[in-house]
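Notes follow the structure.
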Number of protein chains: 4
Amino acid sequence: MDKKHEVLTTVKDENLIEKRRQQMIQAAVSLFKVKGFHRATTREIAKEAGFSIGTLYEYIRTKEDVLYLVCDSIYNEVHTKLSEFTPENGTLEDLENAVRHYYSVIDDMSDEFVVMYQESKSLPKNALEYVLKKELEMVEIFQKILVGCIQAGELELTEAQAKLYAHTLVVQGQMWAFRRWALSKEYSIEQFTELQIQVLLYGMKK
Amino acid sequence: MDKKHEVLTTVKDENLIEKRRQQMIQAAVSLFKVKGFHRATTREIAKEAGFSIGTLYEYIRTKEDVLYLVCDSIYNEVHTKLSEFTPENGTLEDLENAVRHYYSVIDDMSDEFVVMYQESKSLPKNALEYVLKKELEMVEIFQKILVGCIQAGELELTEAQAKLYAHTLVVQGQMWAFRRWALSKEYSIEQFTELQIQVLLYGMKK
Amino acid sequence: MDKKHEVLTTVKDENLIEKRRQQMIQAAVSLFKVKGFHRATTREIAKEAGFSIGTLYEYIRTKEDVLYLVCDSIYNEVHTKLSEFTPENGTLEDLENAVRHYYSVIDDMSDEFVVMYQESKSLPKNALEYVLKKELEMVEIFQKILVGCIQAGELELTEAQAKLYAHTLVVQGQMWAFRRWALSKEYSIEQFTELQIQVLLYGMKK
Amino acid sequence: MDKKHEVLTTVKDENLIEKRRQQMIQAAVSLFKVKGFHRATTREIAKEAGFSIGTLYEYIRTKEDVLYLVCDSIYNEVHTKLSEFTPENGTLEDLENAVRHYYSVIDDMSDEFVVMYQESKSLPKNALEYVLKKELEMVEIFQKILVGCIQAGELELTEAQAKLYAHTLVVQGQMWAFRRWALSKEYSIEQFTELQIQVLLYGMKK
DNA sequence: AATGAATGAGGATTCATTCAT
DNA sequence: GATGAATGAATCCTCATTCAT
């Protein structure tokens with residue numbers, strides 16, 4: 001459950017595996033976005049990726065493997081991008097900037113986010129567990145920043161509150177991806193971000 | 001697009017239609033919860049509902065109709081329950097109570113919520129539009145309360161801010177349904193609700 | 001392992017099941033005879049049986065079920081035919097007649113025999129066990145007749161010998177089915193039978 | 001049709017061809033024994049043989065070639081082993097010893113025998129004809145010994161009877177390979193052999 | 001000679017939907 | 001109104017074979 005869920009391959013060349021999987025993931029995301037996991041066929045995925053159905057199956061075992069690779073890849077990308085920005089001062093400004101950075105990552109990858117959250121329930125059990133673990137890691141990133149602020153005396157929260165607020169921050173970012181159809185009519189991502197920072201950090205009461 | 005999406009029937013007797021559809025919806029929710037819309041078969045739905053596949057198709061046209069009925073039914077139930085409680089004073093206490101009421105409805109119906117949000121993307125175009133409209137109506141309920149508070153001088157927000165905060169309140173409630181696997185280990189629904197009210201209304205800054 | 005291996009069905013009407021399965025078995029035997037189990041497709045089986053592929057799968061779960069039904073049906077038919085003729089006197093004449101009867105059944109059903117013995121190895125484990133049990137029952141029929149002859153003083157054999165001779169008689173009959181391509185050039189079934197009776201019962205030494 | 005069926009090769013070096021084919025045959029027999037010809041894949045055969053799928057196809061043209069090589073190799077081995085022992089006196093003792101020798105060869109190679117007889121039906125037409133010819137040659141070996149006994153006055157049989165008895169002797173030997181699952185519980189190969197000699201040469205009547 | 005990545009035709013199975021009873 | 005047998009398009013996946021390196 002802790003270990004990375006392995007996707008078995010017939011092919012041996014590691015570089016080739018990486019290359020083909022990138023093609024595959026990109027193809028899959030663009031198809032899942034439009035039709036969802038179940039309505040996208042393995043043939044379509046292969047074609048969109050630029051190779052034959054036979055080749056697709058040299059790099060995966062089942063269609064669900066594709067979904068897993070997509071989810072794993074998205075999490076890794078988000079993690080990498082968030083890690084580029086790790087504030088360490090424990091100021092509220094740091095927290096604000098972390099949120100801004102995260103929300104901009106979501107804006108860049110909102111198709112991927114929507115696909116991941118809508119389809120991950122179709123993963124086989126242990127792949128799902130792995131993905132949920134990754135989700136918690138995302139929450140922990142924010143939790144650590146919050147704890148930093150608490151220790152620096154900038155925030156006055158219990159551990160339990162900090163954890164919940166971390167969830168809140170993560171979910172509010174996802175909201176932008178999921179409700180883009182409604183929200184983008186009214187706000188730009190920058191407006192959205194600043195408004196959210198206002199209410200989440202400082203409350204909506206005047 | 002604005003009108004209620006109609007589900008055609010062979011049967012004439014309105015009472016019977018209502019009865020069979022309730023059986024159907026209940027069966028579908030419990031199946032979709034476990035296997036999702038795509039993996040649940042119409043045969044299973046019919047069986048779980050207590051009648052034959054032939055009978056199922058007397059009351060719907062396509063499998064997607066079942067999903068639509070499920071979503072429609074959930075929204076109506078939530079609407080009804082929220083309408084039981086419509087505060088009109090424009091106090092912050094009213095707002096808090098509205099949130100409490102909404103979050104407790106979500107707690108009661110969290111399976112239904114999860115099913116609805118995970119599967120509604122599989123609705124045909126115009127049924128989806130109808131459902132999204134319903135979703136906006138939910139947001140508007142909170143928006144109105146917020147506007148009430150603004151007018152009463154309890155909150156100091158622009159219209160744009162009020163709308164976004166309404167979304168936030170709605171989404172944070174759904175968070176309880178979607179992240180129950182993680183959150184319920186740490187908080188009861190009451191604790192969750194009070195903590196959320198704290199941060200959303202009054203901010204997390206000390 | 002002892003119980004009859006069950007083949008699950010979607011259809012409820014028992015008479016219909018029986019009818020469709022007979023069509024299926026007949027179609028399968030004629031195809032397996034020509035192409036073997038693996039090269040015959042389920043579509044061909046359905047078509048030959050006179051219904052659609054969908055209908056075929058209403059009456060079976062897997063392609064191997066077809067093979068099992070074929071084997072089971074053949075054994076039952078042979079058993080029934082052999083049971084029509086059960087000598088009880090313990091004379092050598094009885095034994096001879098039993099052999100004659102068995103060999104003529106094999107002549108009638110040699111396609112079926114060949115199919116069954118060539119393909120039964122493809123059965124899933126517990127279906128195979130069931131079929132092997134049936135095979136032993138066939139041997140036992142002859143063993144009993146032999147024991148009858150021993151008790152009547154017509155033959156002087158140990159139990160162990162009787163069992164082996166029963167196998168021999170059964171296998172020699174099957175030889176007619178398997179080596180028809182060579183044997184029928186030289187002998188009619190009647191000649192074959194009488195020559196076999198000679199050597200098996202009375203030896204080839206002058 | 002009479003000529004040896006040729007398996008074409010890209011490779012020139014005859015020694016290498018022989019070596020690779022031996023690896024291939026051994027691998028194939030062990031796989032066919034477990035999974036049968038159809039379920040064993042060419043990839044598995046190559047891997048078990050210790051080389052790549054590409055290399056496998058340097059030494060054969062089609063998968064059926066592998067099966068042919070297996071059958072051919074088994075027949076040749078049996079022939080060689082039987083030829084080591086060719087009695088020429090025309091005594092019944094010679095006949096008995098030939099049978100003993102043959103049955104012990106079968107005991108040594110029973111996996112190979114089972115594979116050959118179960119799978120040879122999958123050979124392409126002219127390879128099958130070649131193999132059937134080989135089978136008849138096996139029968140002829142015994143037929144010759146029988147004729148020797150007849151000429152020496154030890155047996156009193158017509159040509160037609162001699163040929164049938166030759167088939168019988170060959171098939172009874174194969175019985176040991178095919179019914180090992182049942183027979184080996186009751187008899188050792190030596191017991192089996194002696195009992196068979198008794199009944200086949202001297203009859204079971206007291 | 002050896003390798004192994006690529007191919008795609010082919011096959012088993014599923015399941016939404018229909019329609020005769 | 002209710003039933004459930006029949007249908008066949010759709011889909012996942014396999015595997016023999018090829019060919020560039």
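If you're wondering where the values come from, they're calculated on a predicted model, not measured in any experiment. Proteins get letters first, then strands, A, B, ... in listed order; numbering begins at 1 in each.
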Legend entry - Whichever of Asp13(C) and Gly54(A) has its nearest DNA chain F nucleotide further upstream toward 5': Asp13(C)

Inset, instruction - Starting at OG of Ser120(B), measure out to CG of Asp72(B) and round the result to the nearest 0.5 Å. - result: 12.5 Å

Inset, instruction - Please determine, for the side chain of Lys63(B), which listed nucleotide (dT7(E), dC13(F), dT17(E)) has the closest atom? - result: dT17(E)

Inset, instruction - Taking the side chain as every heavy atom from C-beta outward, state whether Leu56(D) and Gln23(D) have any pair of such atoms under 4.5 Å apart. - result: no

Inset, instruction - Round to the nearest Å and state the distance from Tyr57(B) atom OH to dC15(E) atom P. - result: 12 Å

Legend entry - Candidates dT17(E), dT13(E), dT7(F) - which lies nearest the side chain of Ser52(C): dT7(F)

Legend entry - Between Gln26(B) and Gln22(B), a side-chain donor and acceptor under 3.5 Å: no

Inset, instruction - Measure the acute angle between the ring planes of Phe32(A) and Phe37(A), then classify it against the limits of 30° and 60° as parallel, tilted or perpendicular. - result: perpendicular

Inset, instruction - To the nearest Å, give me how far apart CD (Gln23(B)) and P (dA2(F)) are. - result: 10 Å

Legend entry - Qualifying residue for side-chain hydrogen bond (donor to acceptor under 3.5 Å, both in side chains) with Tyr75(D), from Glu112(D), Glu135(D), Lys134(D): Glu135(D)

Inset, instruction - Can you figure out which of dT14(F), dA2(F), dT17(E) approaches the side chain of Glu58(B) most closely? - result: dA2(F)

Inset, instruction - Would you mind reading off the distance between Leu16(A) atom CG and dT3(E) atom P, rounded to a whole angstrom? - result: 18 Å

Legend entry - Members of residues 38-47 of chain C that approach DNA chain E, where some heavy atom sits under 4.0 Å away: Ala40(C), Thr41(C), Thr42(C), Arg43(C)

Inset, instruction - Give, for atom CG of Leu123(B) and atom CD of Glu119(B), the distance between the pair rounded to the nearest 0.5 Å. - result: 9.5 Å

Inset, instruction - Indicate yes or no: at least one non-hydrogen side-chain atom of Arg43(B) is less than 4.5 angstrom from one of Thr10(C). - result: yes

Inset, instruction - Examine dA16(F): is either OP1 or OP2 under 4.0 Å from a nitrogen or oxygen in the side chain of Arg61(D)? Give yes or no. - result: no

Legend entry - Side chains of Arg21(B) and Val7(B) in contact at under 4.5 Å (non-hydrogen atoms): yes

Legend entry - Interatomic distance, Phe37(D) CZ vs dC15(F) P [rounded to whole Å]: 13 Å

Inset, instruction - Quickly work out the Ile53(D) CD1 to dA1(E) C1' distance and round it to whole Å. - result: 15 Å

Inset, instruction - May I have the distance from Leu31(B) (atom CG) to dA16(E) (atom P), rounded to whole angstrom? - result: 12 Å

Inset, instruction - Would you give the length of the straight line joining atom CZ of Arg20(C) to atom OG1 of Thr55(C), rounded to the nearest 0.5 angstrom? - result: 7.0 Å

Legend entry - Pairing annotation in dot-bracket form, given for DNA chain F with Watson-Crick or G-U pairs under 3.5 Å and | for cross-strand partners: .||||||||||||||||||||

Legend entry - Value in whole Å for how far the C1' atom of dA5(F) lies from CD of Glu18(C): 17 Å

Legend entry - Nearest-angstrom distance from the residue atom CG of Leu56(D) to P of dC15(F): 15 Å

Legend entry - Straight-line distance of His38(A) NE2 to Leu67(A) CG, nearest 0.5 Å: 8.5 Å

Inset, instruction - Please state whether the phosphate of dA5(E), meaning OP1 or OP2, lies under 4.0 angstrom from any side-chain nitrogen or oxygen of Tyr59(A). - result: no

Legend entry - Position toward the 5' end of DNA chain E (nearest nucleotide), Ile60(C) or Phe51(A): Phe51(A)

Inset, instruction - Looking at every strand, decide which applies to Thr10(D) at a 4.0 Å heavy-atom threshold: base, sugar-phosphate, or nothing. - result: nothing

Inset, instruction - Please determine, for the side chain of Val11(A), which listed nucleotide (dA5(E), dT17(F), dA2(F)) has the closest atom? - result: dA5(E)

